[in-house]
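In what follows, every heavy atom counts, from backbone to side chain, and hydrogens, waters and symmetry copies are set aside.
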Amino acid sequence: MLNFLKEFEKKLGIKITCSQETEPLGTAGPIALARDKLIDGSGEPFFVLNSDVISEYPLKEMVNFHKGHGGEASIMVTKVDEPSKYGVVVMEETTGKVKKFVEKPQIFVGNKINAGIYLLNPSVLNRIELRPTSIEKEVFPKIATENKLYAMVLPGFWMDIGQPKDYITGLRMYLESLRKKSSAKLSTGSHFVGNVLVDESAVIGDGCLIGPDVAIGPGCIIESGVRLSRCTIMRGVRIKKHTCVSNSIIGWHSTVGKWARLENMTILGEDVHLGDEVYSNGGVVLPHKEIKSSILKPEIVM
């Protein structure tokens, strides 16, 4: 991960500083741990973003919203169809002022949930102790009781992509958003169906059919006659001839043999080598493995 961030430092021309926990500190403790890195004396607010969600990140609009209400903290909320599975944020519709949080409500109290995108004044750091602690359950409710917490409804899509099947749903939403905003980034041509994102260094053979909802990373080689749909193919993967991959995630530097079939949330870790004509029905394969026989039902291969 640190190497990956170094790459992005160069790419974006910014400095990325890492603060590492030696023990898990929950969702608020790590902010206290990084206190010295977050306080620069300017008094300007800072963003806190959960790394397992994906959205369009309207950060400029959030800064304007935060400055406009004059409170201590702002959170993004998103509307969901089934609020009973989440913690619901009860707020004033006109001002966005947060009244309270209701964890997994059994009766309807609202349909807006915390989207994991925050903008906090430096004074919030004084509310967080350096111990395992939750920003959602301990810090925010206290700020709300003082009428200093405001919520802004996130425009566009949002998905928690912490689970593989949700990652694939998040990919679909992201590609759909790209289609609307900057469709030139998506691949076009007779090989492609629906929304497909292919790194320019990837090589795609003849007679392939790719899409919908596929992302192919740098340095990948997709040989001829391959069928890909609803999947992510990570950096340096080779998929050999006439293989079919759907609803799956293929990890870095893996190879998939000829005439193989992977489906039903198959996940290959880094450097996994799947033999020719192997079938995987929801197999989850840990890194650095060689698989020579089919995986007929969803299971973890250690």
Side-chain angles (χ1 to χ4, degrees), residues 52-58 78-82 115 154-269 272 274 278-285 298:
D52 58 356
V53 301
I54 189 167
S55 75
E56 287 174 5
Y57 293 104
T78 185
K79 292 177 184 173
V80 290
D81 296 332
E82 282 187 64
L154 178 71
F157 77 98
W158 178 89
M159 191 71 201
D160 177 329
I161 55 169
Q163 297 294 326
K165 69 177 189 333
D166 297 333
Y167 177 92
I168 294 294
T169 303
L171 172 67
R172 175 179 61 74
M173 292 174 161
Y174 173 69
L175 293 176
E176 187 52 45
S177 149
L178 268 189
R179 163 79 57 208
K180 289 175 188 155
K181 292 199 160 182
S182 48
S183 60
K185 289 182 178 172
L186 296 174
S187 300
T188 52
S190 57
H191 281 330
F192 304 108
V193 187
N195 298 330
V196 178
L197 187 62
V198 180
D199 187 88
E200 56 192 18
S201 63
V203 178
I204 292 174
D206 297 331
C208 291
L209 187 58
I210 294 172
D213 307 322
V214 173
I216 299 175
C220 289
I221 297 171
I222 312 296
E223 294 186 6
S224 58
V226 167
R227 175 75 180 102
L228 304 177
S229 64
R230 293 179 300 281
C231 62
T232 290
I233 312 297
M234 294 186 173
R235 175 192 296 266
V237 166
R238 184 180 204 109
I239 296 183
K240 295 186 180 173
K241 293 175 185 176
H242 308 299
T243 278
C244 178
V245 180
S246 65
N247 286 303
S248 297
I249 300 171
I250 311 301
W252 309 272
H253 310 290
S254 291
T255 54
V256 179
K258 291 180 244 181
W259 296 99
R261 186 179 184 94
L262 286 70
E263 59 190 20
N264 191 23
M265 276 332 304
T266 288
I267 302 160
L268 304 188
V272 167
L274 211 76
V278 166
Y279 169 63
S280 172
N281 171 22
V284 176
V285 184

Measuring from atom SG of Cys231 to atom CD1 of Ile239, what distance do you get when rounded to the nearest 0.5 angstrom? 6.5 Å
State which residue, out of Leu175, Thr232, Leu228, Leu197, fulfils the side chain to side chain contact (heavy atoms under 4.5 Å, CB included) condition with Val214. Leu228
Quick check against the 3.5 Å criterion: does Ser182 have a side-chain atom that pairs as donor or acceptor with the backbone of Ala184? no
Nearest 0.5 Å please: distance from the CD1 atom of Ile216 over to the CD1 atom of Ile233. 6.5 Å
Enter the distance from Arg230:CZ to Asn247:CG here, rounded to the nearest 0.5 Å. 4.5 Å
Point-to-point distance, once rounded to the nearest 0.5 Å, from NZ of Lys258 to NE2 of His242: 9.0 Å
Of the non-hydrogen atoms in Gly211 and Ser229, which two are nearest, and what is the gap between them? O-CB, 3.5 Å
What are the two closest heavy atoms between His191 and Gly207, and how far apart are they? CE1-N, 3.7 Å
Looking only at atom types and distance, does a side-chain atom of Ser224 sit under 3.5 Å from a main-chain N or O of Gly205, one as donor and one as acceptor? no
Report the distance from atom CE of Met265 to atom CD1 of Ile249, rounding to the nearest 0.5 Å. 4.5 Å
What residue pairs, at least two apart or across chains, pass side chain to side chain donor-acceptor pair (under 3.5 Å) with a residue in residues 161-176? Glu176-Asn195
What I'd like to find out is whether the side chain of Leu209 reaches to under 4.5 Å of the side chain of Val193, using heavy atoms alone. yes
All heavy atoms of Ala202 vs all of Gly217, minimum pair found to be CB-O, 3.8 Å
Considering all heavy atoms of both residues, which atom of Met173 and which atom of Trp158 are nearest to each other, and what is their separation? SD-O, 3.8 Å
Check: Lys241 main-chain N/O paired with Glu223 side-chain donor or acceptor under 3.5 Å: yes
Just verifying a value: how many Å separate Arg261 CZ and Ser280 OG, rounded to the nearest 0.5 Å? 11.5 Å
